[in-house]
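Only heavy atoms go into these numbers, but all of them, side chains included; no hydrogens, no water, no symmetry mates.
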Amino acid sequence: MKKIINAKRLVNGELKSCEVLIQGNKIHQIDSTLSEPAETIIDAQGHLLTPGLVDVHVHLREPGGEAKETIATGTQAAAKGGFTTVCAMPNTTPVPDSRDHLLALLDKIDQDAHVRVLPYASITTRQVGRELVDMETLSNLGAFAFTDDGVGVQSAGMMFEAMQQASKHGKAVVAHCEDNSLVYKGVSHHGEVSERLNLPGIPKVAESVQIARDVLLAEATGCHYHVCHVSTKESVRVIRDAKRAGIHVTAEVTPHHLVLNELDITEDDAMFKMNPPLRSKADQQALIEGLQDGTIDLIATDHAPHTEEEKSQGFVNSPFGITGFETAFPLLYTELVEKQIVTLGELVDWLTIKPSQTFGLSFGTLQEGAHADLTLIDLTAVKQVDRHSFVSKGKNSPFHGYKLKGWPVLTMVDGEIAFKEANYETARA
């Protein structure tokens with residue numbers, strides 16, 4: 001079946017009218033006007049058409065954490081947020097650390113996912129840092145990359161061996177960087193707010209010191225090393241220096257670390273508890289600058305749903321993490337683009353082509369011959385965030401009540417509509 005979308009796309013930073021012909025699961029033609037007939041025409045009312053958003057850091061919780069999220073609900077939330085490809089972290093029960101565990105996960109994804117899901121495998125068995133997984137087998141089965149996300153690999157020797165193996169099989173090592181000996185049972189950033197609320201703090205050096213170790217290991221092994229959710233100015237500096245030295249290091253930053261800092265925490269509210277924690281205003285500014293100068297390559301949500309009960313226990317007893325899929329684009333558009341901190345083109349690139357290029361994926365592009373993964377965004381729509389209305393099972397968001405602008409209204413994966421706003425009547429035969 002052929003489909004045509006009438007919309008606007010970014011061309012050299014300007015919005016230009018376009019028509020996109022979709023045939024099967026691919027973009028067949030893009031032009032200002034098309035004469036070829038199609039069974040379905042989607043008149044997008046002048047909305048922005050972007051490549052489908054790509055998120056390389058998400059938690060879908062299944063198997064083992066279905067009370068928090070499932071592959072079905074998580075990917076429905078992703079589609080609502082405009083995401084067409086997501087990469088699922090391995091901190092599940094069981095961990096995808098063996099042939100059988102990864103095959104079972106792939107089967108469940110095939111059955112239930114509403115968007116494309118690329119699963120990580122763990123670096124070590126059960127993510128406990130003692131024994132490397134069989135990277136060759138897991139790579140051949142389709143593991144996206146290797147990570148023990150949620151826990152940093154504490155042994156330099158183990159990380160060195162992991163990078164050697166990953167490099168041999170052409171896979172990236174993706175790291176949650178945290179030296180446990182420097183965490184001191186912290187639950188928030190060690191700074192002004194932790195002192196005011198009398199909370200145990202996590203010092204910044206717990207993150208940056210492990211990045212410094214790992215970039216040297218990456219240099220020694222030739223491995224692609226990717227840093228998860230960078231949060232400190234010292235981490236940005238280490239990554240910048242490593243890139244200048246020619247080391248194959250890439251990095252991501254989350255929406256919440258770009259738009260919030262520790263001063264946004266006014267009370268003991270675990271909706272603001274995430275790992276890494278919200279840092280200082282100076283750190284926040286360094287993250288924005290690092291993104292703008294290319295030190296940080298892309299934006300990833302670190303979508304981390306939890307139950308209401310879990311998140312109602314304050315900073316000390318609640319788990320780390322917030323949801324991200326359904327607010328990511330409007331949050332960043334409102335707080336960064338509308339305030340003229342970054343351009344719309346930059347934001348779209350950081351959420352589409354940059355993550356794809358970083359990991360050698362064939363998605364995240366709006367061009368002829370590409371996958372028909374597309375997102376339509378109403379840049380004029382203003383809505384108030386209501387966490388209780390999230391499609392995700394996780395309602396744990398610090399952005400409840402925020403008025404945000406620029407909401408996805410339709411998401412298409414491989415030429416099929418995965419999400420459409422209920423009142424968005426655009427299709428006609």
Give the intermediate values and the outcome of side-chain hydrogen bond (donor to acceptor under 3.5 Å, both in side chains) for residues Asn25 and Glu416.
-> CA-CA 8 Å; Asn25 67 345; Glu416 299 297 328; over 6 Å; no
Among pairs that include at least one residue of [range], which meet ring pair (Phe, Tyr, Trp, His ring centres under 6.0 Å), considering only residues two or more places apart or in two chains?
range            : answer
residues 177-216 : none
residues 389-414 : His388-His400, Phe399-Tyr402
residues 359-379 : Phe144-Phe359, His224-Phe359, His226-Phe359, Phe363-His371
residues 40-85   : His47-Tyr424, His57-His59, His57-His229, Phe83-Phe325

Kindly indicate, with the supporting measurements, whether the criterion side chain to side chain contact (heavy atoms under 4.5 Å, CB included) is fulfilled by Leu258 and Leu291.
-> CA-CA 9 Å; Leu258 291 170; Leu291 193 55; 3.9 Å; yes
Can Ile42 and Met412 be said to form a side chain to side chain contact (heavy atoms under 4.5 Å, CB included), step by step?
-> CA-CA 12 Å; Ile42 299 175; Met412 183 176 285; 4.0 Å; yes
Can you list every salt bridge (charged side-chain N to carboxylate O under 4.0 Å, His left out) pair that touches residues 316-330, not counting sequence neighbours?
->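 Qualifying pairs, neighbours excluded: Lys80-Glu326.
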Output every pair passing salt bridge (charged side-chain N to carboxylate O under 4.0 Å, His left out) with a member in residues 189-211, not counting sequence neighbours, ordered by first then second residue.
->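 As it turns out, the salt bridge (charged side-chain N to carboxylate O under 4.0 Å, His left out) pairs with a partner in residues 189-211, which skip direct neighbours, are Lys204-Glu234, Lys204-Asp283.
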Atom pair [atom1]/[atom2] of [X] and [Y] - distance to nearest 0.5 Å:
X      : Y      : atom1 : atom2 : value
Asn261 : His256 : CG    : NE2   : 13.0 Å
Ile4   : Leu34  : CD1   : CG    : 5.0 Å
Thr323 : Lys311 : OG1   : NZ    : 9.5 Å
Ile265 : Lys273 : CD1   : NZ    : 11.5 Å
Ile211 : Leu216 : CD1   : CG    : 12.0 Å

So, does [X] use its side chain to make a donor-acceptor pair with the main chain of [Y] at under 3.5 Å?
X      : Y      : result
Thr375 : Gly82  : yes
Gln384 : Lys403 : no
Gln76  : Val391 : no
Asp55  : Thr301 : yes
Thr73  : Glu69  : no
Asn91  : Gly150 : no
Glu39  : Lys3   : no
Asn396 : Ala304 : yes

Any side-chain heavy atom of Asp179 sitting closer than 4.5 Å to one from Gln154?
->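 They are in contact (side-chain heavy atoms under 4.5 Å apart), so the answer is yes.
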Is atom [atom1] of [X] surrounded by more than 12 heavy atoms (other residues, nucleotides or ligands) closer than 6.0 Å?
X      : atom1 : answer
Glu309 : CD    : no
Lys281 : NZ    : no
Lys8   : NZ    : no
Arg126 : CZ    : no
Lys393 : NZ    : yes

Could you tell me if [Y] and [X] have a donor-acceptor pair between their side chains, going purely by distance under 3.5 Å?
X      : Y      : answer
Ser318 : Glu310 : no
Ser231 : Arg279 : yes
Lys68  : His306 : yes
Glu66  : Thr70  : no
Asp302 : Thr254 : no

Please step through side chain to side chain contact (heavy atoms under 4.5 Å, CB included) for the pair Ser139 and Phe146, ending with a clear verdict.
-> CA-CA 9 Å; Ser139 295; Phe146 292 92; 3.4 Å; yes
For residues Leu49 and Ala7, report the shortest heavy-atom separation together with the two atoms involved.
->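 Heavy-atom minimum between the residues: CB-CB, 3.8 Å.
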Looking only at non-hydrogen atoms, find the nearest pair between Val259 and Asp264 and report the distance.
->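 So the two residues come closest at O-OD2, 4.3 Å.
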Results of salt bridge (Lys or Arg N to Asp or Glu O under 4.0 Å) for [X] - residues two or more places apart only:
X      : value
Lys185 : none
Lys26  : none
Glu14  : Lys16

When you check the gap from the basic side-chain N to the acidic O, do Glu308 and Arg387 get nearer than 4.0 Å?
->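 Counted as a salt bridge, because a side-chain N and a carboxylate O are separated by less than 4.0 Å.
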Under 3.5 Å, which donor-acceptor pairs do the side chains of residues 105-124 form with other protein atoms, sequence neighbours left out?
{"unit_1": "Lys108", "atom_1": "NZ", "unit_2": "Asp112", "atom_2": "OD2", "d": "3.0"}
{"unit_1": "Arg116", "atom_1": "NH1", "unit_2": "Thr85", "atom_2": "OG1", "d": "2.7"}
{"unit_1": "Arg116", "atom_1": "NH1", "unit_2": "Asp373", "atom_2": "OD2", "d": "2.6"}
{"unit_1": "Arg116", "atom_1": "NH2", "unit_2": "Asp373", "atom_2": "OD1", "d": "3.4"}
{"unit_1": "Arg116", "atom_1": "NH2", "unit_2": "Asp373", "atom_2": "OD2", "d": "3.2"}
{"unit_1": "Arg116", "atom_1": "NH2", "unit_2": "Asp414", "atom_2": "OD1", "d": "3.4"}
{"unit_1": "Arg116", "atom_1": "NH2", "unit_2": "Asp414", "atom_2": "OD2", "d": "3.2"}
{"unit_1": "Tyr120", "atom_1": "OH", "unit_2": "Val56", "atom_2": "O", "d": "2.6"}
{"unit_1": "Ser122", "atom_1": "OG", "unit_2": "Thr124", "atom_2": "O", "d": "2.9"}
{"unit_1": "Thr124", "atom_1": "OG1", "unit_2": "Val128", "atom_2": "N", "d": "3.4"}
{"unit_1": "Thr124", "atom_1": "OG1", "unit_2": "Gly129", "atom_2": "N", "d": "2.9"}
{"unit_1": "Thr124", "atom_1": "OG1", "unit_2": "Asp148", "atom_2": "OD2", "d": "2.6"}

Please list, one pair per line, the donor and acceptor atoms closer than 3.5 Å that link side chains of residues 239-249 to other protein atoms, with sequence neighbours excluded.
{"unit_1": "Arg240", "atom_1": "NE", "unit_2": "Asp293", "atom_2": "OD2", "d": "3.2"}
{"unit_1": "Arg240", "atom_1": "NE", "unit_2": "Thr295", "atom_2": "OG1", "d": "3.1"}
{"unit_1": "Arg240", "atom_1": "NH2", "unit_2": "Asp293", "atom_2": "OD2", "d": "2.7"}
{"unit_1": "Lys243", "atom_1": "NZ", "unit_2": "Gly294", "atom_2": "O", "d": "3.0"}
{"unit_1": "Lys243", "atom_1": "NZ", "unit_2": "Thr295", "atom_2": "O", "d": "3.1"}
{"unit_1": "Lys243", "atom_1": "NZ", "unit_2": "Asp297", "atom_2": "OD1", "d": "2.8"}
{"unit_1": "Lys243", "atom_1": "NZ", "unit_2": "Asp297", "atom_2": "OD2", "d": "2.9"}

For Lys405, which residues count as a side-chain contact (heavy atoms from CB on, under 4.5 Å) partner, sequence neighbours excluded?
->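 In terms of side-chain contact (heavy atoms from CB on, under 4.5 Å), with neighbours along the sequence ignored, Lys405 is linked to Tyr333, Thr334, Glu338, Val382.
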Hey, mind stepping through Val20 and Ile27 against side chain to side chain contact (heavy atoms under 4.5 Å, CB included) and telling me if it holds?
-> CA-CA 7 Å; Val20 178; Ile27 297 172; 3.8 Å; yes
